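Taking it in order: structure first as structure tokens, then the write-up.
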Number of protein chains: 2
Amino acid sequence: MPRKPAEQAGKAGREARTTIRDVATRAGVSVATVSRVLAGNYPTAPATRTKVLRAVKDLDYVVNVHARALAGVSQKTVAILTREVITPFYAHIIQGVEQQAAQEGRLCLVCTTGADPDRELAYVKMMREQGADAVITVGGVQETPEYRKQLAHYAQALDSAGSRLVLCGRPGLGPDVPALVVHYDNEGGAYSATSHVLSAGHERVMFLGGAPGFTTSDPRVRGYERAMADRGLKPLLYLGAFGIHFGYATIKRLLQQGPLPCTGIVASDDGCAAGAVKALREAGLRVPDDVSIVGYDDVPMAAHMWPPLTTVHIPAEELGRTAVRMALQAQRGMPERETILGTHVVVRDSVARRVA
Amino acid sequence: MPRKPAEQAGKAGREARTTIRDVATRAGVSVATVSRVLAGNYPTAPATRTKVLRAVKDLDYVVNVHARALAGVSQKTVAILTREVITPFYAHIIQGVEQQAAQEGRLCLVCTTGADPDRELAYVKMMREQGADAVITVGGVQETPEYRKQLAHYAQALDSAGSRLVLCGRPGLGPDVPALVVHYDNEGGAYSATSHVLSAGHERVMFLGGAPGFTTSDPRVRGYERAMADRGLKPLLYLGAFGIHFGYATIKRLLQQGPLPCTGIVASDDGCAAGAVKALREAGLRVPDDVSIVGYDDVPMAAHMWPPLTTVHIPAEELGRTAVRMALQAQRGMPERETILGTHVVVRDSVARRVA
DNA sequence: TCTCCCCCAGTAACCGTTTACAGAAACTGG
DNA sequence: CCAGTTTCTGTAAACGGTTACTGGGGGAGA
């Protein structure tokens, strides 16, 4: 006999979990009956039903999801792979994913990757083992050819296992990879934001922030450049990183070197814009009177900074909801491959008409 | 024979997942050998090992976690039950939980309850089925006696199944309930914040915001009241809700009714403070020159509002990390029942000395 | 050359459910 | 009162792994 009959009963040994067998014994019925009563999708005599329910309550029985899954009915799961969770953009996406998942009767697994492609890949693999029916990867990572190849492979594998890989808030991997894409119009947003500043009469407008190579960064730069080019203006790029710190440090350094080379700033994100505003103010410059600025992302606090920040709104929560909706629809045969959600600039008080 | 031998092979039928048996066949070994090679915790001849790995790769085999769990080794999971995810406080806790969980080799399940006790209870039950080894509930809900009784029951049940229930950022359920508690000094923070305003010379100081009955609200009110009482001052309470909207609306309404009945405000949370500042500014009042204000939570943006907001810092991420650390230690027999993390007021520029 | 070991690999029980099939009990109608 | 239904309930295979125990083969020591 391969296994000891679990009779060690030492004080250290956890007593065995109560199983459906225990319930059956106590109720004086078979395990099949218990299972059927609990599932509720099969005719059962009221008396039997009562006995079983009674036994379940007495024993405080709970099903074992693993056994249940193995036997055929599994609690489905949606996984979201994100760089981190505290940035409002990610938090909103997570919230959207969780809510839509819950609505569709799924549990939501959150994994942070720290923008590390290898960790992301490892998680995708793990999710495949878990049998998640949707794996949503959000945000940009630095994409190497090897990374793309791997991801394409996993997309394929998930697909043939009945799951889906969804790229959320990032561009697709090409038509041959069976991954779904939910994206927003990154370039268009930057184009609109830049145009907004430009049409207030500014001509020297810089683009501040963003991490080159990241898929959330490059299109914004492109949108900015396109808007500038459309008016015959030369771009003025200060790239480096996202976030408050970079915005603050960069503007501060520039200010120390001499007068600011522009009267308008298109920031890569609201944090960056906030940093810039802080540096500007510390140097005695007024926003928007002396320099106008637009952010990107429409973080909640953007509306409550001083001045309220004009910025580009991204429908983050909707992005998350759409991701799981698409994945689940795809399982049911709806072949919606890609959806792009719109962005728009929300005008507040950080941009002013340039006085010549 | 109870089950059809899966020979339907219709075009609609998903082909069966490749199993360890397939791998064994292809590699020309037994399933035991495959399992052992994959587990890596048992001596294996290099040649065999190679063959198996080869077959695994060729077939693109992945283990089935459910089968594995059923057989004894399960991928453990930590679950966090939270009201929502976008509020920075919750987002930070989630991040802390996820990171610590990952570090301990656990996956992290996130469930939002919308502050609905019934949903929370339902999730706790579900997590018991899932076999999560830690269930962390964060934030306050309106606690009815029935709710407490249920939660105590689940705590007991989880405990005897080798899991733990952790109450995070909320008070305990009493000494007889085997739930762990990770909390922060809510009342102390409010006391310090209030004292900070008071010692700047203010005497008419209001408490603004907070939802009565919530466990994150009442202690803050108590701390405020205690600080006021310690100086023989009468409390001035404007309770109602957390968040920007309530702060804005309440101050605006007050201002329409006449002059503000105070020169200092202790807000229930940073959002509320931000709303108040906005209303104040719109009415032409200056912060902190005309009225001083302190927030609570130390949300990221608090440092970048104008003026930078003096507020109470809560170690939210650390709260999350501690929650999973405690749960896991408790499993290993360490009986740490409760830990209270400290809070402190971070002084910025929204409180000024009262000029008489 | 013959034992005795040691190292690896194979066999098969078991984890806790679900469910196809079969059989029993309770009705129904004639 | 009996055959034909209908309505439940029980039996046992299957899900896909893990691992205790067993056994075979090769190397080492005598």
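This is a predicted model, so every value here is computed, not measured. All chains are named by letter (A, B, ...) in the order of the sequence lines, taking the proteins before the strands, and each is independently numbered beginning at 1. Only heavy atoms go into these numbers, but all of them, side chains included; no hydrogens, no water, no symmetry mates.
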What's the closest nucleotide to the [X] side chain, out of [options]?
{"X": "T48(A)", "options": "dT9(D), dC8(D), dT19(D)", "result": "dT9(D)"}
{"X": "A45(A)", "options": "dT9(D), dG16(D), dT17(C)", "result": "dT9(D)"}
{"X": "A71(B)", "options": "dG16(D), dC8(D), dT19(D)", "result": "dG16(D)"}
{"X": "A67(A)", "options": "dG17(D), dG10(C), dG16(C)", "result": "dG16(C)"}
{"X": "V73(B)", "options": "dT19(D), dA9(C), dG17(D)", "result": "dT19(D)"}
{"X": "V31(A)", "options": "dG17(D), dC21(D), dA12(D)", "result": "dA12(D)"}

To the nearest Å, give me how far apart [atom1] ([X]) and [atom2] ([N]) are.
{"X": "L70(B)", "N": "dC15(C)", "atom1": "CG", "atom2": "P", "result": "9 Å"}
{"X": "N64(B)", "N": "dG16(C)", "atom1": "CG", "atom2": "C1'", "result": "14 Å"}
{"X": "I20(B)", "N": "dT19(D)", "atom1": "CD1", "atom2": "P", "result": "11 Å"}
{"X": "R17(B)", "N": "dC15(D)", "atom1": "CZ", "atom2": "P", "result": "13 Å"}
{"X": "R128(A)", "N": "dG16(D)", "atom1": "CZ", "atom2": "C1'", "result": "16 Å"}
{"X": "E129(B)", "N": "dG16(C)", "atom1": "CD", "atom2": "C1'", "result": "13 Å"}
{"X": "R21(B)", "N": "dA14(D)", "atom1": "CZ", "atom2": "P", "result": "11 Å"}
{"X": "R36(B)", "N": "dT19(D)", "atom1": "CZ", "atom2": "P", "result": "10 Å"}

Go through it in stages, so that I can follow the logic: the residues are V138(A) and I80(A), the test is side-chain contact (heavy atoms from CB on, under 4.5 Å), and I'd like the CA-CA distance, side-chain angles, deciding distance and then a yes or no. CA-CA 7 Å; V138(A) 12; I80(A) 174 165; 3.6 Å; yes

Measuring to OP1 and OP2 of [N], would you say a side-chain N or O of [X] lies under 4.0 angstrom away?
{"X": "S30(A)", "N": "dG10(D)", "result": "yes"}
{"X": "T44(A)", "N": "dC8(D)", "result": "no"}
{"X": "S35(B)", "N": "dT18(D)", "result": "yes"}

Steps toward side-chain contact (heavy atoms from CB on, under 4.5 Å) verdict (I93(A), E317(A)): CA-CA 5 Å; I93(A) 292 185; E317(A) 195 166 331; over 6 Å; no

Given DNA chain D, 5'-ward residue of the pair G72(B) and Y42(B), judged by closest heavy atom: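 Nearer the 5' end of the strand: G72(B).
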
Using a 4.0 Å heavy-atom cut-off across all strands, classify V62(B) as base, sugar-phosphate, or nothing.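 V62(B): backbone/sugar contact only, no base atoms under 4.0 Å.
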
Across the strands shown, which category fits V65(B) at heavy-atom distances under 4.0 angstrom: base, sugar-phosphate, nothing?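 No contact.
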
Checking side-chain contact (heavy atoms from CB on, under 4.5 Å) for the pair R106(B)/D133(B): CA distance, chi angles, key distance, verdict? CA-CA 9 Å; R106(B) 263 81 174 172; D133(B) 47 357; 2.9 Å; yes

May I have the step-by-step check of side-chain contact (heavy atoms from CB on, under 4.5 Å) for L165(B) and I136(B), ending in yes or no? CA-CA 6 Å; L165(B) 179 69; I136(B) 301 168; over 6 Å; no

Can a side-chain donor-acceptor contact be found between E98(A) and T112(B) if the only test is distance below 3.5 angstrom?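 Yes, because at least one side-chain N or O of T112(B) sits under 3.5 Å from a partner of the opposite role on E98(A).
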
